[in-house]
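Shown next, in structure tokens, is the structure this report addresses.
Indexing begins at 1, ligand by ligand and atom by atom, following the structure's order. Throughout, numbering of the chain's residues begins at 1 and tracks the sequence. Everything numeric in this text was worked out from a predicted model, so none of it was measured.
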Amino acid sequence: IGQRINVDKNAPPEVPYWIPYLGSAIAFSVNPLKFYADNRKKYGDVFTYTMVGRKFTVCLGVEGNNFVFNAKLADVSAEESYKPLTTPVFGKGVVYDCPNHMLMEQKKFVKWGMSNDAFRAYVPEIEEETRNYFQRWNNKTGGRGDLFKAMGELIINTASRTLMGPEIRALMDDSVAQLYHDLDDGFQPINMFFEWLPLPSYFRRDNAHIKMRNIFKQVIDERRANNVTDKTDMLQSLLNQTYKDGTPFTDVDACHLMIALLMAGQHTSSTTATWALLHLAEHPHLIKELLAEQKDVLGSLDTPLSFDAMKNMTLLENVIRETLRLRPPIIMILRKVIRPITFPGTDYVIPKGNYIAASPIATQVDEQFYKNAMSFDPHRWESIKEEESGESVDYGFGKIAGGGARNPNLPFGAGRHRCIGETFAYVQLKTVISTFVRMYDLSLTEKGMPGQDFTKMFVQPVLPVEINYTPRK
Ligand code: HEM
């Protein structure tokens, strides 16, 4: 027990630890930002720490972001990092359970289901879902609502109505919601480390996976039996796809990819919606400004929202951008090193078997890049230009700015694994937030702003999260 000394003299400096195997797991999960800041002072931007028997080399700063996000396929593997967690939940043959070139093609299949025309159709549906959901909060005097729970339920309803199709949405209020919860319980950090443990939650997860796949399969079978071709949702766009080499993308593959997309978009969007509304409650003048912006763009607060009108709502967009800067749901992006790699500008050689980790949250809250970095100020984005990126790389699912990975603000990642759900997430969040502030005024409870719970797969506010609301006249 005690300080470990690196055997390899070129390996990056290593954070000492006293509890064998567990290493720095507790310090990291209590507050990763403090853990990074403390160790950065001692070791600089690149250092290695141990958690649950594995070595993570974190690469901080914009160069660190770029290094991890643009690392070469021959050097690192995302599949090797995420597979134990994702394959039991998503199923076989998709995302990290197939070679990377197949994932790139899968992302392209999905892209076609997220066109501007599709978004135009989604906005009224999301607005209606939001109104219907929050009607149940309605009473003359207002009250206190469980915001986190509400956003979790609402986002699953809106995502299923738009992306998954009306058949799945119809089942969402009962059976599918429960299955989703069981799948979700099996999607926790513990699964990455102890995938072999016979935990009851793993049995529920596996059972839920089979049932969920069967539900999607039944919907596909019915669409095929009835020759349905007029649907614009994502499920439809996944049918009849073929890989470039002629391998068919089967209906079971489509079911598995739908489950993956459900999981990828759910917590990320629902925690972002929760934080955005909490920050608005913290800064009530922003709610007034948002309503004024809606009135300005639409003429009246009774005019329905639309995809095109919301493009002109700059403050609304900046509220979401600022929420994601300060409260990104994904704070650690991993790649397993499969061939030793040197960190540019240093002698550090990161050994095979380590995980390299990018944590863009560190640059997102760094004073070097953002003045008063810890305060919520959507107006700051009015004077920040989106980074003009250098080269543009086509990974098969559309051009992605390669140089863009040197950006300090990367809540959606960068490079070949970059998020494909960003525009959808913005459309969904913009519609939900605008509709909510039209219906209610809101304020924080006496507890104030909640802290961040870093022990979850997707960082979320410490629960319970309640909010005071008053219906607008
Ligand atoms: C990838 C964040 C919403 C689907 C990613 C990555 C991040 C991210 C950081 C990169 C992961 C890595 O490099 O290892 C977010 C945030 C969201 C969001 C913050 C909402 C606020 C969505 C939605 C969908 C989605 C709504 C789908 C409907 C995906 C997919 C990938 C991805 C398919 C690609 C995984 C890969 O290539 O390895 N997302 N996401 N995400 N996301 Fe999102």
Please confirm whether Arg335 approaches ligand 1 to less than 4.0 Å, judged on its heavy atoms.
yes
Any heavy atom of Leu334 under 4.0 Å from ligand 1? The part involved is neither
Relative to the heavy atoms of Pro329, which atoms of ligand 1 are at a distance of less than 4.0 Å?
19 (C)
I'd like to know if Arg169 and Glu129 make a salt bridge, using a cut-off of under 4.0 Å between side-chain N and carboxylate O.
yes
re atom 10 (C) of ligand 1, the protein heavy-atom contact at minimum distance is His417 O, 3.5 Å
Can you name the atoms of ligand 1, numbered from 1 with element, that are less than 4.0 Å from a heavy atom of Thr272?
21 (C)
Which distance, rounded to the nearest 0.5 Å, do you find between the CZ of Arg161 and the CD of Glu128?
4.5 Å
Ile333: numbered ligand 1 atoms lying under 4.0 Å from its heavy atoms:
9 (C), 12 (C), 13 (O), 14 (O)
Enumerated ligand 1 atoms positioned under 4.0 Å from heavy atoms of Tyr82
12 (C), 14 (O)
Which protein N, O or S atoms does atom 43 (Fe) of ligand 1 have within a distance shorter than 2.8 Å?
Cys419 SG
Please evaluate residues Glu466 and Leu147 with respect to the criterion side chain to side chain contact (heavy atoms under 4.5 Å, CB included), reporting the C-alpha separation (whole Å), side-chain torsions for both, the decisive distance (0.1 Å), and the verdict.
CA-CA 6 Å; Glu466 289 192 318; Leu147 190 63; over 6 Å; no
Kindly write out the residues that satisfy ring pair (Phe, Tyr, Trp, His ring centres under 6.0 Å) with Tyr36, not counting sequence neighbours, or none if the list is empty.
Phe28
Side chain, backbone, both or neither: which part of Met258 comes within less than 4.0 Å of ligand 1 when only heavy atoms are counted?
neither
Who's the nearest protein heavy-atom neighbour of atom 27 (C) of ligand 1, and how far?
Leu261 CD2, 3.9 Å
Contact partition for Leu103 relative to ligand 1, non-hydrogen atoms under 4.0 Å
side chain
Would you say the rings of Phe343 and Tyr348 are close, in the sense that their centroids are separated by under 6.0 Å?
no
Would you please test Glu167 and Ile215 for side chain to side chain contact (heavy atoms under 4.5 Å, CB included) and show each step?
CA-CA 10 Å; Glu167 304 95 323; Ile215 289 174; over 6 Å; no
Applying side-chain contact (heavy atoms from CB on, under 4.5 Å), name anything that partners Thr435, two or more places apart in sequence or on another chain.
Glu127, Thr130, Arg131, Leu305, Thr431, Met439
Would Arg418 count as a polar contact of ligand 1, with the cut-off being nitrogen or oxygen pairs under 3.5 Å?
no
Can you find a side-chain donor-acceptor pair between Tyr355 and Glu80 that sits under 3.5 Å?
no
Of all the atoms in ligand 1, which lie at a distance below 4.0 Å from a heavy atom belonging to Pro411?
2 (C), 9 (C), 19 (C)
Determine, for Asp233 against Arg223, whether the closest basic-nitrogen to carboxylate-oxygen distance falls under 4.0 angstrom.
yes
Under 3.5 Å: donor-acceptor pair, side chain of Ser306, backbone of Ala309:
yes
Atoms of ligand 1, numbered as shown, that sit under 4.0 Å from any heavy atom of Leu163
28 (C)
Do me a favour and list the nearest non-hydrogen protein atom to atom 37 (O) of ligand 1 with residue, atom name and distance?
Lys107 NZ, 2.7 Å
Taking the ring of Phe35 and the ring of Tyr49, is the distance between their centroids below 6.0 Å?
yes
Please indicate whether any nitrogen or oxygen in Ser269 is less than 3.5 Å from any nitrogen or oxygen in ligand 1.
no
Geometric cation-pi criterion, Arg380 with Tyr370: 6.0 Å, 45°
no
Should you measure from each heavy atom of Tyr96, which atoms of ligand 1 turn up under 4.0 Å away?
35 (C), 36 (C), 38 (O)
Test side-chain contact (heavy atoms from CB on, under 4.5 Å) applied to Gln460 - qualifying residues, sequence neighbours left out:
Phe148, Thr271, Asp453, Lys456, Leu463
Would you give the length of the straight line joining atom CZ of Phe424 to atom CG of Leu429, rounded to the nearest 0.5 angstrom?
9.0 Å
